[in-house]
Amino acid sequence: MYVGADYYPEHWPRDRWRVDAKLMQEAGFNVVRLAEFAWVNMEPIEGSFEFDWLDEALAVLRKHDISAILCTPTAVMPAWVARKYPGTLAMTPNGQRIVWGVRKNNCFTSGAYRLLSERITRAMASHFADTPNVIGWQTDNEFGGPVCVCDTCRADFQDWLRDKYGTLDELNRRLGTHFWGHKYTTWGEIQIPVAPGNGWRLAGRGRLSTHNPSLCLDWQRYYSHLNVRFQRDQVRILRELCPNHFCTHNFMGIFSDLNYYHLAEDLDHVSWDNYPVWHKPSISYGSAAAADVMRGLKRKNFWIIEQTAGPGGWSSFGRNPRPGEIRKIAYQQLAHGADGQVWFRWRTCTAGREQYWHGLLGHDGKPLRRYREAAQTAKEYRKLASDLAGTTIKADVAMIYDYESIWAVRIQPGFPDNDYHEAMRRYYDALFRAGVSVDMVKPTEDLSQYRLVVAPDLNILPDEVAKRLSDYVSSGGVLLTDCRTGVKDETNLCHDRTLPGLLTDVLGIVIEEYESLDDETEHRIVGKQDIEGDYTAVKYVDWTTPQTAEVLAAFDQWHLQTFAAATRNRFGKGTAYYVGVIAKEPAFYDQLIADGLNTAGVSPILAPPEGVEVSVRQGANKKLLFLVNHTEQQQTVPVPSGKRELLTGETTTDSIALDTYGVAVIKL
Ligand code: GLA
Ligand code: ZN
């Protein structure tokens, strides 16, 4: 089990390195991440490399039994790169090159940049291949940098489209360029569909691009491919020269400019950067969902490679983690499958843009409260290590997490507030409150291992996926899906079938009409059958006509009397739910999820009080129950009695008391 900190020895005098390494060892740390942005320190002049300083830092760390993950440093190009090879700087949508000086300034198709990246990667990999305490590599930093619209990128995009569609006729047909006379007559006419003034963001983020939505979707796919390709070039070198090291990358959790499934393919495991401490303390649904997305990318455990250590910010900073919170944040991730835990950062830097991004140590370098809390956590992790070995989350419930639908909804939300992640969270949070673990999976995942599959806002529904969902239900699965699912095909054209298209029989409904609701319009939803109470429909309604489906919730508006707000349908051996509204009240989703779990025969291990998170890690003959109290109140949680709580060593009675931000790990 690796626990440690992100460390930048190049920021501090050499005689401090020994002090830091000793403090790390005393804290129970055994790993650091190094050299993330240190390209110019390693290659101060083109082609001449200086690794002595890093050798020395690694040797100091080694004396204290600390291993290291090295980074390919390509997220910040040295100033000499920009000066010598100006084409390496990304071009903004206004046609100007980025002014060098922040980070992530580069164009990913620049031949010079790709060569320079390969050279520094090769130099580092050959130099450190046999350094005893180097264990792995992080590629670059948080892929998903600027959008570049330079000529090279445009030509490369055109090539990518040619590879994909083969002929221009096929491209014109699939992208629907008959609309507005957008037909292309040569490949060279194709433009990058980014709106001027759209800054660094892609079409659909910030200022909306009003280009052809099908072209926008392909551009987004291409942009993702660029990042994946850049990483692949580095990973190929690392694998060749350092076969004993692992390769990872620091993903950003719920970040969707890239198809993270693709980015994860070339890596041994996913790592991610978790910064949940900004606003006033609240239940960390978001970090739980992000962790499940991260575990879903490779369907295996992951690392936290940057974990909140203090208030963060580049200009002004946020709140300080309260006592117990640093530990609680770490345990939440452990409970979701984190096998490594690295705090960002070790010591708060006195210089540069991140002076206010606080680490475990302050500017003064003293081991104060945050350090002590991390140290306590590290030592506890050690104690748990043998029980944790070989365990992961085995969920009965899956949620389809689909980057293509995320992008399609971003490009054209349909109704103004449609946000894929909000849709996902309506159900995810209800499952969290129910104490049920969730696997986030891609639409083409084998669903047969799950009892309940939730597919929110699945805007892009290729026929193949519709068929999978349908087969899943007919052979006994329970599916829950909702508004705007299945509207589009894989090229972002609307299907020319009555909604819900190929899911009509599965869901037992027909949707001939639908509408978005302005902020002043709300409709009352009335629970029927297994849904109790009244709720409020906002933002959007499908005018859903039940055919074979039962009505679980109806409307009381005169014009919606014949339509259903939510339905349940038996199909083959399974059941399919459809939710054609957005309800204001979370309780509506709690009821739907409770009914879905019941139909699917999934029973939560216990009923947690609100704000207490439940998760189970299991492996061969092992089962560990994690309880995490996200509230500032003491909570009493019903638990199986006669079991051992591993942190205190005590035997459980039928309930356990958790302090503010308290955690428990019970061996079942
Ligand atoms: C990201 C980066 C880190 C650091 C932090 C804080 O997560 O990966 O290098 O910059 O943000 O800004
Ligand atoms: Zn470019």
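This chain uses plain numbering: 1 for the first residue, then up along the sequence. Note that ligands are numbered from 1 as they come in the structure, with each ligand's atoms numbered from 1 the same way.
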Kindly compute the distance separating CG (Asp20) from CG (Leu61), expressed to the nearest 0.5 Å.
-> 8.5 Å
Ignoring hydrogens and geometry, is there a side-chain-to-backbone donor-acceptor pair from Asn30 to Met1 under 3.5 Å?
-> yes
Angle subtended at the Zn ion (ligand 2) by SG of Cys148 and SG of Cys107, nearest 10° | 110°
Just which atoms of ligand 1 are under 4.0 Å from any heavy atom in Asn250?
-> 8 (O)
Can you sort out which atoms of ligand 1 are near Glu142, meaning under 4.0 Å from one of its heavy atoms?
-> 1 (C), 2 (C), 7 (O), 8 (O)
Element-labelled atoms of ligand 1 that are located less than 4.0 Å from some non-hydrogen atom of Glu354 | 4 (C), 5 (C), 6 (C), 10 (O), 12 (O)
Per-atom filter on ligand 1: closer than 4.0 angstrom to a heavy atom of Glu36 are 8 (O), 9 (O)
Looking at ligand 1, does Arg103 have a heavy atom less than 4.0 Å from it?
-> yes
Numbered atoms and elements of ligand 1 in range of Phe37, under 4.0 angstrom, heavy atoms | 9 (O)
Do any nitrogen or oxygen atoms of Trp314 lie less than 3.5 angstrom from nitrogen or oxygen atoms of ligand 1?
-> yes
When you measure from the centre of the six-membered ring of Trp278, is the NZ or CZ of Arg319 under 6.0 Å away and within 45° of the axis?
-> no
By number and element, which atoms of ligand 1 are closer than 4.0 Å to a non-hydrogen atom of Phe344?
-> 3 (C), 4 (C), 5 (C), 6 (C), 9 (O)
Any donor and acceptor pair, going by atom type alone, linking the side chain of His363 with main-chain N or O of Thr350 inside 3.5 Å?
-> no
For ligand 1, does Asp6 get within less than 4.0 Å through its side chain, its backbone, both, or neither, judged by non-hydrogen atoms?
-> neither
May I ask you to say whether Glu373 pairs ionically with Arg322, meaning some side-chain N is under 4.0 Å from a carboxylate O?
-> no
Flag, side chain of Trp100 to backbone of Met77, donor-acceptor distance under 3.5 Å | yes
Residues Arg18 and Asp15 bridged, charged N to O under 4.0 Å | no
